[in-house]
Each structure stands twice: as structure tokens, then as C-alpha cells.
Amino acid sequence: MTDATLSQLTSGAYEQALKVIESVEPRIAAATRQELLDQRGSLKLIASENYASPAVLLTMGTWFSDKYAEGTVGHRFYAACQNVDTVESLAAEHARELFGAPYAYVQPHSGIDANLVAFWSILANRVETPTLKRLDAKNVNELAEADWEALRHEFGNQRLLGMSLDAGGHLTHGFRPNISGKMFHQQQYGTDPETGLLDYDAVAAKAREFKPLVLVAGYSAYPRRVNFAKMREIADEVGAVLMVDMAHFAGLVAGKVFTGEEDPVPYAHITTTTTHKSLRGPRGGMVLAQEEFAADVDRGCPMVLGGPLSHVMAAKAVAFAEARTTEFQDYSQKVADNAKSLAEGFLTRGAELVTGGTDNHIVLLDVSSYGLTGRQAESALLDAGVVTNRNSVPSDPNGAWYTSGIRLGTPALTTRGFGHDEFDTVAELIVDVLSNTEAGTTKAGGPSKASYVLGDGVADRVTKRSGEMLDKHPLYPGLVLG
Ligand code: DSN
């Protein structure tokens, strides 16, 4: 099908759909239209966001949403799941082929859900429970309360070692306030204080001392690649399960930018991901696993998850089919190349980057040299139509709410067609905003970590320049709503 025909069909589909929605709740139809205009008119640099294709988006809007399908393919707790079985099988098959994984579980609703399924399956698979063995229990419902008490002690308090949040890890990698930091006895590894880079010897030393059941690798805000062969070596040495959360960089793995020791799938016992970030699919999660964990992962629903979102599993299948193309591989390479252009654009203008650069899709800008917190920088940039998110930097003095950094990512604007020159201009515009923003004061006149004053005329000149670039690279070109 030609691009023009596709655009015409997509426009028609959305125009009709919005009319139907309008007839019931016009404010939702209006917000939906407005969201398209807002996304079209701003520089989307949130590293975890992207623009899914119309085919992926349209797949989510169907009657598969109406179907319950707890269980797994061919083994459901509900009747009449034959079409959901087709969808789930296809999504899993595409995922296995795309990532070269022995097993794929496409039901998780999000990345956090995928990580919970991974924790569940590791505990179920690896934790010895002498009480169950002693009782030779077939039916756990018949256990006495005292046995349950013993079981909770045996099953709980397992050890997890993950990357700390301020070094770039995720909340679910053992961050204290998160369930992962409470259900596990946890320790965290950071990055080298001088270079900001992962120090594998330090991770190994910590693992030897702590002897975790689970070693978590992967990140949400670390702008570098990870050597997963080394992480697996560390896990094997201490008898840990290696769990890799590739939510951020799954697209770079699928697109064959991360290969060999940078591809986590052959090295990890369990790999989790979201499907909507660099992978450019629908909002959702997924677990890939080695065969030995498959049966336990399969019980994710209903042990950990609610009923699968069949309409989203269908959209995952469509997105994975897209990601198997050479076009997607070209796109992924551009995502990484553009991140380098963005980083260079900052460095030549004197900005400070965590680790001094990037070799993935993330650039982490330390804004303290501009006298700003991450929160002030995020707000000032948003006033100028630049959408970013504030983020901690290693050992951040401003904590996880105000922060000292801004995290930027290239997947979304690369989908729009931005290249080297545009990303260099993006760096120029961001530096313009930050250099012309001053920290504000509290009502009492003291220093504020939230308020800020953006210089006169800055927002206008930045939106004008970014508007020119955005017009040249339209979002969903040809999608016209009346
Ligand atoms: N919210 C995701 C991100 O922005 O990286 C992680 O959960």
C-alpha cells in the first residue's frame, strides 16, 4: 500500500472514530484531538516515549478489549478464547523470533508488571521451601497457620542486588520505597563516582559479599551500554539468577544495534521489557525467559497479573512484525547516532553530561551548572515547547523529586525523521533556554527549588525555531482531522 493511501485510510478511520466518541462524550473526543495537536507541536524528548504506527494504534481500538482470557494459550480459565489464542500465540512467536528467545510471555500490562512476574517466577523456581518438602503438601490450602508462618519466612527475605535509582536504575530494581525494596532484602550498586560508568569489579565485589538470589541489570537513565556477558559471569559466580530489565533499550536490541555481549537475551535467565519505548509498540510489557523458567512465568496471570489485555497483545504482534524489518533496524541505528549528535551538541556548548556522553538513546544533562534544579529546568523547557523529564544524577543532592538532571531521549523525534542537524539544533535550543532561566524564590523570599524565571522572548524564539523543524518532519504525515 502506498503512503498516500495509508494516510487517507488512517485519516478516515480516526475521523469516523472521533465522531462516534463525540456522540457520547465530546470532551474526550476534544482531548484526543488536542493531544495530537500538542504532540505534533512540541519537541518530545522523553527518553521512554515514542510514536507507535497507526497500525499499532488502530489495533488497540477493537472488541478484543471486551474479552477475558486469564490463563495461557489453550489453557484458559474462560471459555471462547480461540481468537485470543491466535493473537497471543502470534505475538509470542514474533517476540521469540525477534529477540532469539526460547520463550516469550506477552501478557504483562506494563514494565513493572513484567518485573513482578519475573520476581514471582524466580522465587517460585529457585526458593527451597523445607516446610513444603517436609509436609509433602499437594494442597497448600490445607496447611496449618504455623506452617504458613514458616513458609513466609522461607519464601520471603530473599536477596536482590540492583542498580540504584540515582545511578540510573529503576524503582523496581530494589529501590526502598518500591515493593521490590520491601519484599526483598536488597542492596544496590552504583556507578564509579569519577566516570559515572558501571564498575563491573565493584558489582562483582558486592555480589560476592551479599550473595543475592537475583542480580538485576538494566536501567532507565544510564546513558551507556552494558556488557551482559560480564553481568552473567558475576551472577554465575555467586549462584544468582540474572534478570535484565531492557525496557529502555529493547528497540536497540530488536534493531540489532546492541549485539553480542550487549544483547541481554542470550545471557539473562529472564529478560523483561516494556513494548512502547524504543521498541515503538503499544503501551505494555513482556517477559522473555530461558526454558527452565517458562512454566513459572506462564503462571504470571492469574498469580500476579489480572486478565491479559487482548487488544494490546494484538497490537504487540503488529509492532513486533514491524520491528522485524530492515526499516526498523535503520531506525534503531539512527536513534543511537542521533543521541551522539545530541550529546556532541551539548558538549560543544559547554553543557555537562553524566558520563560525558552517550552510546545508547539517552543523554543525561546535569543542569546544576546553570544554577537550576531538574524541576526548574523541566518547567522552563516545557514553557518553550520542549518536553523532557527531570531525573536524578548520581548522588543527587536534590533528591528524586527536584533532582539535578534532565533526561533526554532520541526515539520519538527520530521516528519523526530528525537527524544529526536537527538534534544539534535541539541541543542549541535547550542550552538557550537553560542559560536564560534563573532560579526563583519562595513566597518568603528564600531560594526555591521549583520556581524559576524564564527570560523575555526566549520561549518565542525557541518555539519558532523548533516549529520550523517540526513542520518539516510532521507527526503522522497525512493524518488530517477535520
Ligand atoms: N516511566 C519509565 C521511564 O520513563 O523510564 C520507567 O518506568
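Worth saying up front: this structure is predicted, and the values here are computed from it rather than measured. Atoms within each ligand, like the ligands themselves, are counted from 1 in listed order.
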No-hydrogen, no-angle side-chain donor-acceptor test under 3.5 Å, N398 and S404: yes

Hey, can you pull the donor-acceptor pairs under 3.5 Å for the side chains in residues 298-310, sequence neighbours left out?
from, atom 1, to, atom 2, distance (Å)
D298, OD1, Y103, OH, 2.5

Ligand 1: protein residues within heavy-atom distance under 4.0 Å: S48, H170, S220, H248, K277, R407

Ionic contact status for D201 with K230, cut-off 4.0 Å: no

Test item: side-chain donor near acceptor, T415 and R280, under 3.5 Å: yes

Between CG on residue N50 and NE2 on residue H276, distance to nearest 0.5 Å: 10.0 Å

Interatomic distance, Q290 atom CD to Y267 atom OH [nearest 0.5 angstrom]: 11.5 Å

